[in-house]
Structure formats: C-alpha cells, structure tokens
J.: 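So that we are looking at the same thing, I have put the structure below in structure tokens.
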Amino acid sequence: VQLQASGGGLVQAGDSLRLSCAASGRTLRSRDMGWFRQAPGKEREFVAAVRLSAGNTYYGDSVKGRFTISRDKTKNTVYLQMNSLKPEDTAVYYCAAGLRSILSMITLPSSYDYWGQGTLVTVSS
C-alpha cells in the first residue's frame with residue numbers, strides 16, 4: 001500500500017483546510033485509515049481514524065467537533081476536513097493505513113502498517 005498525503009499549507013487561525021490521502025496498491029487489505037500529526041519536539045499524536053468496512057470514525061480529543069475524516073471508496077482516498085484551525089494545530093500531518101489494527105488500539109501509531117510522507121500545516125495567529 002502506498003499513501004500520498006497532500007493539501008497542507010499556511011493558513012490563519014479560524015480558517016479551514018482539507019487534507020487528502022490517496023492510497024494505491026493493495027488497498028483492499030486495509031482495515032483502518034488514520035491521520036496523525038507531529039509538531040516539532042512533540043510525539044506523534046492521533047488525530048482521526050475511519051474503520052473502512054463500517055465507516056465508523058474516531059477522533060482525538062483536541063480535534064473533536066472541528067475535524068472530520070471521510071473516505072471516498074471510488075477514489076481510494078481519505079480526507080481530513082479541518083475547520084476552526086488554531087495555531088496549536090500546526091504540525092506535519094501523516095496519513096496511515098492499518099491492515100490488522102484492533103479497534104481498541106486504533107489511536108496508536110503502532111497499529112498502522114503503512115505511512116504517507118506527511119504534509120505540513122501551519123496555522124498563524
């Protein structure tokens with residue numbers, strides 16, 4: 001599975017941005033797709049995930065109510081709609097695919113087998 005993340009950029013606080021993650025290869029093997037982010041000097045943080053079979057979505061506490069993860073099966077693409085962005089959302093955002101992830105561990109980076117290259121989101125105050 002190959003993942004290509006895109007859509008990052010420089011925005012102002014309160015703006016919106018949509019990230020895309022295009023998957024190619026043996027995408028049918030993926031069970032979950034997730035977004036994580038990592039700010040300088042910080043650990044990788046869970047942002048959102050979607051269980052592909054049922055479409056159930058999960059969010060980190062810091063983005064609940066502001067971010068929405070969705071998927072387009074026909075395009076093998078997962079999106080992250082980010083609204084009401086804050087300076088603390090500034091980070092490199094990574095998409096990831098899990099083949100055998102367990103639901104209770106869906107927020108852990110170790111549950112994912114493939115990672116995209118990351119896209120930088122910068123939110124100015």
Side-chain angles (χ1 to χ4, degrees):
V1 177
Q2 293 80 44
L3 304 174
Q4 180 71 40
S6 61
L10 172 63
V11 297
Q12 294 185 333
D15 286 349
S16 298
L17 205 59
R18 189 177 80 159
L19 305 182
S20 299
C21 178
S24 60
R26 297 185 177 183
T27 57
L28 292 178
R29 296 175 56 198
S30 299
R31 176 175 292 178
D32 300 303
M33 293 290 294
W35 286 97
F36 290 77
R37 66 186 182 186
Q38 189 164 19
K42 295 188 177 181
E43 293 185 353
R44 193 161 293 192
E45 176 190 13
F46 171 74
V47 176
V50 57
R51 175 136 285 197
L52 296 178
S53 57
N56 294 343
T57 57
Y58 308 88
Y59 296 94
D61 290 340
S62 61
V63 305
K64 280 181 182 176
R66 299 188 297 123
F67 291 12
T68 303
I69 189 171
S70 62
R71 74 199 195 285
D72 186 331
K73 291 182 178 180
T74 63
K75 296 182 179 180
N76 285 332
T77 299
V78 174
Y79 303 99
L80 184 67
Q81 178 66 42
M82 306 185 294
N83 298 330
S84 302
L85 283 162
K86 305 175 182 180
E88 50 264 43
D89 294 318
T90 295
V92 176
Y93 284 71
Y94 299 90
C95 62
L99 305 182
R100 298 168 298 275
S101 37
I102 301 172
L103 186 57
S104 60
M105 300 174 66
I106 202 171
T107 63
L108 301 179
S110 59
S111 293
Y112 295 82
D113 303 280
Y114 297 96
W115 292 83
Q117 84 287 2
T119 184
L120 177 62
V121 173
T122 304
V123 184
S124 63
S125 57

J.: Quick check: does any side chain N or O of R71 sit under 3.5 Å from a backbone N or O of L52, one acting as donor and the other as acceptor?
T.: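 Yes: the side chain of R71 pairs with the backbone of L52.
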J.: Provide the closest heavy-atom pair for P87 versus S125 in the form atom of the first, atom of the second, distance.
T.: CG-CB, 3.8 Å
J.: Report yes if the side chains of W115 and R44 come closer than 4.5 Å at any heavy-atom pair, otherwise no.
T.: yes
J.: Output every pair passing disulfide bond (SG atoms under 2.5 Å apart) with a member in residues 45-86, not counting sequence neighbours, ordered by first then second residue.
T.: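 Residue pairs passing disulfide bond (SG atoms under 2.5 Å apart), neighbours aside: none found.
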J.: Indicate the atoms forming the closest heavy-atom contact of I106 with S111, along with that distance.
T.: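 Taking I106 first and S111 second, the nearest heavy atoms are N-OG, 4.5 Å.
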J.: Grab the two heavy atoms, one from Y114 and one from V1, that are nearest each other, plus how far apart they are.
T.: CD2-O, 3.3 Å
J.: Same cluster or not: are L99 and W35 linked, directly or through other Ile, Leu, Val, Met, Phe, Trp or Tyr residues, by side-chain heavy atoms under 4.5 angstrom apart?
T.: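 Same hydrophobic cluster.
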J.: With disulfide bond (SG atoms under 2.5 Å apart) as the rule and sequence neighbours excluded, what pairs involving residues 55-91 come up?
T.: none
J.: So, Y59 side chain and I69 main chain: donor-acceptor pair closer than 3.5 Å or not?
T.: yes
J.: What is the distance from atom CG of L103 to atom CZ of R31, rounded to the nearest 0.5 Å?
T.: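 Atom-to-atom, L103:CG and R31:CZ are 9.5 Å apart.
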J.: Tell me whether F67 is reachable from V11 by hopping between hydrophobic residues (I, L, V, M, F, W, Y) whose side-chain heavy atoms are closer than 4.5 Å.
T.: yes
J.: How close do G8 and L19 get, heavy atom to heavy atom, and via which atoms?
T.: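 Of all heavy-atom pairs spanning G8 and L19, the closest is N-CD2, 3.6 Å.
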J.: So, does R66 use its side chain to make a donor-acceptor pair with the main chain of S84 at under 3.5 Å?
T.: yes
J.: Under the ring-ring contact (aromatic ring centres under 6.0 Å, His included) rule, what pairs show up with a residue in residues 84-112, not counting sequence neighbours?
T.: F36-Y112
J.: State, to 0.1 Å, how close L3 and A23 come at their nearest heavy-atom pair, and which atoms those are.
T.: CD2-CB, 3.7 Å
J.: Show the nearest heavy-atom pair for residues T107 and F46, with the distance to one decimal.
T.: O-CB, 3.3 Å
J.: Given the rule in the side-chain contact (heavy atoms from CB on, under 4.5 Å) test, do R51 and D32 qualify, once you have shown the distances and angles that lead to the verdict?
T.: CA-CA 5 Å; R51 175 136 285 197; D32 300 303; 2.8 Å; yes
J.: Can a salt bridge be assigned to the pair D89 and K86 using a cut-off of 4.0 Å between side-chain N and carboxylate O?
T.: no
J.: For the pair T90 (side chain) and V123 (backbone), establish whether a donor and an acceptor sit closer than 3.5 Å, ignoring hydrogens and angles.
T.: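 At least one qualifying donor-acceptor pair exists.
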J.: Side chain of Q117, backbone of Q4: donor and acceptor closer than 3.5 Å?
T.: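 No, because the side chain of Q117 does not come within donor-acceptor range (under 3.5 Å) of the backbone of Q4.
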J.: Checking S62 against E88: is there a side-chain donor and acceptor pair closer than 3.5 Å?
T.: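 Per modelled atom types, E88 and S62 side chains form no pair under 3.5 Å.
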J.: Would you mind reporting whether R37 and L80 have side-chain heavy atoms less than 4.5 Å apart?
T.: no
J.: Kindly determine whether Y79 and T68 satisfy side-chain contact (heavy atoms from CB on, under 4.5 Å), including the steps that lead there.
T.: CA-CA 8 Å; Y79 303 99; T68 303; over 6 Å; no
J.: Could you grab the distance from atom CZ of R18 to atom CE of M82, nearest 0.5 Å is fine?
T.: 11.0 Å
